[in-house]
Colleague: 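Quick one: this structure, given as structure tokens, is what I'll be asking you about.
Since this is a predicted model, take the numbers as computed values, not measurements. Residue numbering restarts at 1 for every chain, and letters A, B, ... go by the order of the sequence lines.
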Protein chains: 2
Amino acid sequence: MTARTYGNYCPLAQTLDAIGDRWALLVIRELLAGPQRFTDLRGCLPGIGTNQLATRLRELESEHLVTKRTLPPPTPATLYELTDEGRGLEPAIWALVRFGIPRLRTLAPVNTFRPAWAALALRALAATGQPPTQSHCWEVHVEGEVFHIDAGTRGIVAEPGPAPGPATVIETDTITAFALARRELTPRQAIERRLLRCADAAELQAWARLSGFAPDEP
Amino acid sequence: MTARTYGNYCPLAQTLDAIGDRWALLVIRELLAGPQRFTDLRGCLPGIGTNQLATRLRELESEHLVTKRTLPPPTPATLYELTDEGRGLEPAIWALVRFGIPRLRTLAPVNTFRPAWAALALRALAATGQPPTQSHCWEVHVEGEVFHIDAGTRGIVAEPGPAPGPATVIETDTITAFALARRELTPRQAIERRLLRCADAAELQAWARLSGFAPDEP
DNA sequence: CGGCATCCGTGACGATACTG
DNA sequence: CAGTATCGTCACGGATGCCG
């Protein structure tokens, strides 16, 4: 009953009518990592009220961006997940994330901090640099958060979870991931300071070029 | 502590802290067409309160996304315009616009309707299809709204205003522009029905391929 | 008239408590 | 675990007034 609609026949205004409410895009941010339960979402969204979360999920469902699924009785749990239409928001979200990366200021004490958000930043950069000349697959670990990048013949996709096939494993921590994304650190420096691990230096450089990280000095 | 900030050290949350407030992105939408005066913005944003507009402009200014400029005394007027940092939002806005285009439903009576928003949709599509093999420049007119697309060696840019050099002029109306963007009409059909004018059919097709419009039947 | 500031009613939001 | 109920508060929308 939200007459809070902009009422513009404008694609941007219609989008904001759907996802412009407070918390809406952050709910979708969490669902980008895969299906989630109500309580998981609540835990990942510090400060949200349960009523607000319930309302946002209901609205996103009515916009056909999110669906509610109930698992069969062995372990009955209701999961929320993005619809195909909801996944259509990904390009916009990655662009918003990329815009926000240089604006991350020094950490204020009130700020909460999650490895998932560092992984989000690395995922958003996964197709902004030079694409590799041949197929690659990377599996990136940021303190338990895992996603993989598949640079194959059909372009570059960055999906949550471990890689389905063989992949170069890259492992780092939250702070280092943010520093890489903000280009305050080169991958080589991260390796030297034992902040990042990767078995194959050439694959690491290919990932760095693909993501547009800061280049090493010659 | 209702500073209304999410308080997350997350690039998406930081972006939403800056532009997630109501009306903020629509203000920026209007500024994408060039510098605007307070009253012009108010006229293009039906429903906004003057205090809200003043507050949003002040906040966007403090986020360094918008600057206020006062013209010299001949015709003293204060103009609001995007900063370079604010223009960094363009990729995100185009992605949000593209997400909203298929979601534009049939026109409800309450909806307001502006040629500028149709031009926005065409501008957002200006680099989603097949890039042309050689340099092109188009100047698109939608009921007085003018922008141009420059597909040169430095990539594809879509800027407000008329083209600085020679360009193929394309002229159409608001409804047709939306129909093209929604792929409900092909450019050829628009020509045949006298809804669109273009002096050069080959240039029109190049623009259609670049924008990913509906192809003509073979 | 353009560019706000102020006042006020309404409703969305935030926090807590409570329930199937 | 997955929400609903309640309530205080604050931001929003609309109207009006001030000032260059």
Colleague: Which whole-number value in Å describes the distance from A:L53 CG to D:dG3 C1'?
Modeller: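 Atom-to-atom, A:L53 to D:dG3, this comes out as 9 Å.
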Colleague: Looking at A:Y80, I'd like to know whether one of its side-chain N or O atoms comes within less than 4.0 Å of OP1 or OP2 on D:dG3.
Modeller: yes
Colleague: OP1, OP2 of C:dG2 versus side-chain N and O of B:K68: anything below 4.0 Å?
Modeller: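 False: B:K68 side-chain N/O out of range (4.0 Å or more) of C:dG2 OP1/OP2.
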Colleague: In whole Å, what is the span from the CD atom of A:Q52 to the P atom of C:dA17?
Modeller: 18 Å
Colleague: Measure the distance from CZ on A:R4 to P on D:dA11 and round it to the nearest whole Å.
Modeller: 12 Å
Colleague: Please tell me if A:R22 has a side-chain N or O lying less than 4.0 Å from either OP1 or OP2 of D:dA11.
Modeller: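 No, outside the criterion.
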Colleague: A:D40: which residues meet the salt bridge (Lys or Arg N to Asp or Glu O under 4.0 Å) condition with it, sequence neighbours left out?
Modeller: A:R37
Colleague: Quick one: is A:R58 getting a side-chain N or O under 4.0 Å of the D:dG3 phosphate, OP1 or OP2?
Modeller: no
Colleague: Could you state the atom-to-atom distance from CH2 of A:W23 to C1' of D:dA11 in whole Å?
Modeller: 16 Å
Colleague: Using 4.0 Å as the upper bound for N to carboxylate O, is an ion pair formed by B:E85 and A:R103?
Modeller: yes
Colleague: According to salt bridge (Lys or Arg N to Asp or Glu O under 4.0 Å), does anything in residues 6-19 of chain B pair up with another residue at least two apart or in another chain? List the pairs.
Modeller: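 For residues 6-19 of chain B, and leaving out neighbouring residues, there are no salt bridge (Lys or Arg N to Asp or Glu O under 4.0 Å) pairs at all.
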Colleague: Which whole-number value in Å describes the distance from A:L79 CG to D:dG3 C1'?
Modeller: 15 Å
Colleague: Just how far, in rounded Å, is P of C:dA5 from CG of B:L57?
Modeller: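 These atoms are roughly 11 Å apart.
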Colleague: Please determine if a side-chain N or O atom of A:T78 lies less than 4.0 Å away from the OP1 or OP2 oxygen of D:dC1.
Modeller: no
Colleague: Would A:E61 and A:K68 pass as an ion pair if we require N to O under 4.0 Å?
Modeller: no
Colleague: So, OP1 or OP2 of D:dC12: does either fall under 4.0 Å of a side-chain N or O from B:R56?
Modeller: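 Answer is yes, contact under 4.0 Å.
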Colleague: Just by distance, no angles: are the side chains of B:W207 and B:E203 close enough, under 3.5 Å, to form a donor-acceptor pair?
Modeller: no
Colleague: What is the distance, to the nearest angstrom, from the CG atom on A:L45 to the P atom on C:dC13?
Modeller: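 That distance rounds to 14 Å.
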Colleague: Mark yes or no: B:R182 above the aromatic ring of B:F213, with NZ or CZ under 6.0 Å from the six-membered ring centre and no more than 45 degrees from the axis.
Modeller: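 Judged by the rule (NZ or CZ under 6.0 Å from the ring centre, within 45° of its axis), B:R182 is not positioned above B:F213.
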Colleague: Looking only at side-chain atoms of A:A77, point me to the closest of D:dA2, D:dC12, D:dG3.
Modeller: D:dA2
Colleague: Counting primed atoms plus P, OP1 and OP2 as sugar-phosphate and everything else as base, spell out the protein contacts along nucleotides 14-20 of chain D at 4.0 Å heavy-atom distance: B, S or - for each nucleotide, 5' to 3'.
Modeller: BB-----
Colleague: Which heavy atom of B:T128 sits nearest to which heavy atom of B:S211, and what is that distance?
Modeller: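 Answer, listing the atom of B:T128 first, then B:S211: OG1-O, 3.3 Å.
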Colleague: Nearest to the side chain of A:R37, heavy atoms from C-beta on, is which of D:dG13, C:dG3, D:dC1?
Modeller: D:dC1
